[in-house]
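Please read the structure below before turning to the comments.
Quick note on labels: first sequence line is chain A, next is B, and so on, each numbered from 1. Worth saying up front: this structure is predicted, and the values here are computed from it rather than measured.
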Number of protein chains: 2
Amino acid sequence: MTLTLKDIAEMVGVAESTVSRAVNNKPGVGDETRQKIMEIVKKYNFRPNQMARGLAKKETGILALLIPDLTEPAYPEIIKGIEKVANDEGYQVILCHTENDLEKEKSYLQLLQENRVDGAIIAGGGLADQHILNTSLRGNNLIVLINSLAEELLLPSVLINYSRGVYLAAEHLLQQNVDKIGLIMGDFRDYVESEKLSGYQQALKKYEVEYDNDYVVETDGKYEDGYKAFLQFMNMDDPPRGFLATNEYLTTGLVEAIKGGGYFIPGDFKVATYGESRLISLIAPGLTVVSEPRQQLGETAAEIMIDLIRGESPSELIKVLEPFLKVENKIKEETNNG
Amino acid sequence: MTLTLKDIAEMVGVAESTVSRAVNNKPGVGDETRQKIMEIVKKYNFRPNQMARGLAKKETGILALLIPDLTEPAYPEIIKGIEKVANDEGYQVILCHTENDLEKEKSYLQLLQENRVDGAIIAGGGLADQHILNTSLRGNNLIVLINSLAEELLLPSVLINYSRGVYLAAEHLLQQNVDKIGLIMGDFRDYVESEKLSGYQQALKKYEVEYDNDYVVETDGKYEDGYKAFLQFMNMDDPPRGFLATNEYLTTGLVEAIKGGGYFIPGDFKVATYGESRLISLIAPGLTVVSEPRQQLGETAAEIMIDLIRGESPSELIKVLEPFLKVENKIKEETNNG
DNA sequence: ACATTTTGTTAAAACTTTTTCTAAAAAAAA
DNA sequence: TTTTTTTTAGAAAAAGTTTTAACAAAATGT
C-alpha cells in the first residue's frame with residue numbers, strides 16, 4: 001500500500017494541506033510540525049502521486065521527444081543532453097520514435113493535446129513543419145525544434161552552424177595544399193545539406209580557389225554512394241587529392257573505396273568528414289572530423305523548453321551552436337581568420 | 001481552451017458519466033445518445049485528460065524503459081519492439097538512460113513508487129538485481145527484465161539463447177573444416193558471456209574436437225582487444241584458421257587486424273561474430289553473423305509487461321528467444337542435428 | 001396485469017494534490 | 001494593555017475523469 005497525503009496527515013494529526021506544504025518545502029508550516037511530518041515522510045518513503053499533482057497543477061512533468069531514427073549516431077548524444085537537463089529540473093522524457101512516419105508523428109503530437117506532456121521537442125524535423133500548422137498545436141502549445149527551422153511558426157530552434165563546420169574542414173584541407181577537394185554530399189534540397197555546400201564555397205572563395213561543379217557530387221547519402229563517388233572522381237583528368245564527405249555513411253564508403261584501391265590516408269588522400277561517430281573513428285582513426293556539440297544541442301533544447309514551460313520566453317528564437325574541428329583526434333583551435 | 005467531459009455532457013444534454021462511457025466504448029449507452037456524443041467528440045477532437053483518468057483509474061498508461069547505454073547497437077531495435085507493442089496497446093514509453101549508474105537507476109525506479117508509470121522494463125540489468133530487493137519495489141510493482149536474470153525475485157525475464165547462437169556459429173566454422181577456432185570473448189563472469197563460452201564448448205564436443213584453452217581469450221570486450229587477440233593468436237605454433245568474436249567491438253578490431261596483416265576474409269580466415277550491426281556489415285560484409293531477434297525481444301518484454309498490468313500472469317517466467325545464423329548475408333536454416 | 005429483468009441514465013463518491021480563503025494563535029507595535 | 005501584523009494551520013473547493021449505487025423506464029416473462 002502506498003501512502004497518501006491524507007494518511008500522513010492523519011498519522012501526524014494535521015490537515016492534508018499542511019502536509020502538502022511541508023512536502024513541497026513551502027512556507028506556512030511551523031518548525032516542529034514540519035519536522036514531525038518529514039519524519040514520517042522519510043520513514044515511509046512517501047512520494048506524492050504525480051497523477052494527482054498533475055491534475056491539480058495542470059502539469060505533467062513530462063516532455064515528449066520526437067526522434068526520426070534512433071540508429072543515427074547523433075541522437076543518443078542529443079538524447080543524453082536532453083535527459084540530463086530535463087531530469088535535473090524534475091522532468092521525465094517520453095521517447096517518441098517517429099521513423100519518419102507522418103502518421104506516427106501525428107499521433108505522438110496528440111500527446112500534447114491530451115495534456116499528457118508539457119511540451120514536445122522535435123528533432124530532425126522535415127515532416128513536422130507544415131504539419132504542425134494543420135494540427136491544433138498552436139498558441140499555448142510548447143514545441144522546440146532541433147536541426148530544423150520553422151520561422152513562420154515562430155517556433156524556437158536549436159541548430160548547428162553547418163556551413164561553418166564544412167568551412168573549417170575545407171579550410172583545413174586547403175591549408176594542406178589540397179586545392180582540388182572532392183565534396184560528397186546528400187540531398188541539396190535538405191536545408192542542412194545546402195548549408196554545408198555553402199560552407200564549402202565560402203572556404204574556396206576565401207582561399208581564392210575557383211569553384212568547379214565537377215568536384216561536387218550530390219547523392220542519396222548512403223554507403224554505396226560514397227564508394228561510387230570515389231571511383232567517379234578517380235576517372236577525372238585531374239582527380240582530387242582530398243575529400244570531404246558530409247555524413248558518416250558516405251565517409252565510410254569513401255574510405256573503404258580508398259583502402260580498396262590500395263591507397264592510404266592521409267598519405268595519398270586527405271579525408272575530412274562531417275560528424276563524429278564510433279564507426280568513423282574505428283575505420284579511419286586518422287580522419288579530420290567536424291565535431292558537433294551534440295549533447296549541448298540537446299541540453300540547449302531542453303533548457304529552452306523548460307524556460308517556455310515556466311513562462312519565460314527564450315532570449316533568442318534560433319540558437320546556433322558552433323562545431324569544431326578534430327584534426328586526427330586532436331582538437332584544433334577554431335581560427336578566426338584563416 | 002480544451003474541452004472536458006463536463007462540457008460535452010452539457011452540450012449534448014446528458015450526464016458526464018454517460019459521456020465517459022461513450023468515449024470509452026463501454027456498454028450502457030443508448031445508440032442515439034452514443035452517436036450524438038461521438039459526433040461532438042469528433043467535431044471538437046476531444047481527448048480525455050490523462051492526468052484525471054490516471055488519477056481515477058490508478059493507471060498512467062506509461063511504461064518506464066531502463067537502458068544502460070543507447071549507443072549499443074542492440075538497443076534501438078529492442079526499443080523499437082517495445083514501443084511498437086506499447087503504443088498499439090495504448091501505452092507510452094518513458095526512456096530512462098541509466099548509463100550504468102546505480103544512483104540514476106535508483107532514482108528512475110522511484111518513478112514506480114510515485115505512480116508515474118505502470119511498470120518498468122529493465123534492459124541489460126546487472127545493477128538492478130540486488131538493488132531491487134532493497135527498494136520498496138516488491139509485491140505489486142511490475143518489472144520485466146531483458147537480457148538478465150533475477151530468478152530469486154521471481155521477476156519475468158526475456159533472454160536470447162546465447163549459447164545456442166555461439167553453437168551455431170562454431171558449428172558453421174567446423175563444417176568448413178576449421179577445426180581450430182580462436183574464440184575472443186568479453187568478461188567470463190558476465191552471465192551472457194559464460195553462456196556463449198558454453199555454446200562454443202558444446203559445438204566442439206559435438207564435432208569431436210578437443211577443447212583447448214589456448215584458443216580462447218578473455219578480454220575487456222573493446223576494439224583494441226579484438227585487434228590484439230589476433231596478433232596474439234598469430235604467434236601460436238598452430239594459429240587458428242577461423243575466429244569467433246562475441247561482440248561487435250571485438251569483431252571490428254579483429255577484422256581490422258586481419259586486413260592490416262594483408263589477409264583476406266574468408267579466403268585466409270573464416271570469421272564469425274555474435275550480433276548484427278551496421279558497423280559489421282559495412283566493414284566486413286562477408287562475415288558469418290549470429291543474428292538475434294532484437295525487435296522481438298522488445299516486443300515480448302512489452303507483451304509480458306502489459307499482461308502483468310492487466311493482471312494476467314505470464315505463461316512462463318523466463319522466455320528464451322532463438323538466434324539464427326546469417327551466412328554471408330544469407331539466412332541459414334537452423335539445423336536440428338549437425 | 002403483475003413481477004422480473006434489462007437498459008439507459010443520473011447523482012454522488014472517489015482518486016490525490018494544490019490552492020484559496022479563513023480562523024486562530026502568536027508576535028510585534030502602539 | 002490594546003491593536004495591528006505576522007505566522008501557522010485548517011476547511012473547503014477545485015482539477016477532470018471513472019466508478020458505484022440508485023433509480024426510472026422499458027422490455028420480457030408468467
Handout entry: Under 4.0 Å protein heavy-atom contact, by nucleotide of nucleotides 8-15 of chain D - B base, S sugar-phosphate only
Key = SBBB---B

Exercise for the section: Without swapping roles, check the side chain of B:Ser157 against the backbone of B:Ser148 for a donor-acceptor pair under 3.5 Å. Expected result: yes

Handout entry: Backbone N/O of B:Gly54 and side chain of B:Thr60: donor-acceptor pair under 3.5 Å
Key = no

Fill in the blank from the handout: Taking five pairs at each terminus, the helix from C:dA1-D:dT30 to C:dA30-D:dT1 shows an axis bend, to 10°, of 40°

Practice task
Return yes if some donor-acceptor pair links the side-chain N/O of B:Thr33 with the main-chain N/O of B:Val29 below 3.5 Å, else return no.
Solution key: no

Fill in the blank from the handout: B:Asp7 atom CG is separated from D:dT17 atom C1', nearest whole Å, by 13 Å

Handout entry: Lys/Arg N to Asp/Glu carboxylate O, B:Arg294 vs B:Glu292, below 4.0 Å
Key = yes

Exercise for the section: Taking A:Asn24 for its side chain and A:Ser20 for its backbone only, find out whether a donor-acceptor pair lies under 3.5 Å. Expected result: yes

Practice task
Let me know the distance between CZ of B:Arg47 and P of D:dG16, rounded to the nearest Å.
Solution key: 18 Å

Practice task
Give a yes or no on whether a salt bridge exists between B:Lys84 and A:Glu99, defined as a side-chain N under 4.0 angstrom from a carboxylate O.
Solution key: no

Practice task
Measure the CG-CE distance between A:Leu63 and A:Met305 for me, rounded to the nearest 0.5 Å.
Solution key: 6.5 Å

Practice task
Indicate yes or no for a side-chain donor-acceptor contact from A:Asp101 to the backbone of A:Thr98 under 3.5 Å, with no hydrogens or angles considered.
Solution key: no

Completion exercise
Outer limits of DNA chain C sitting under 4.0 Å from a non-hydrogen atom of chain A, read 5' to 3', are C:dT16 to C:dT20

Problem - Residues A:Glu299, A:Lys80: salt bridge by 4.0 Å N-O rule - result: no

Completion exercise
Interatomic distance, CG@A:Leu70 vs OH@A:Tyr75, rounded to 0.5 Å, equals 9.5 Å

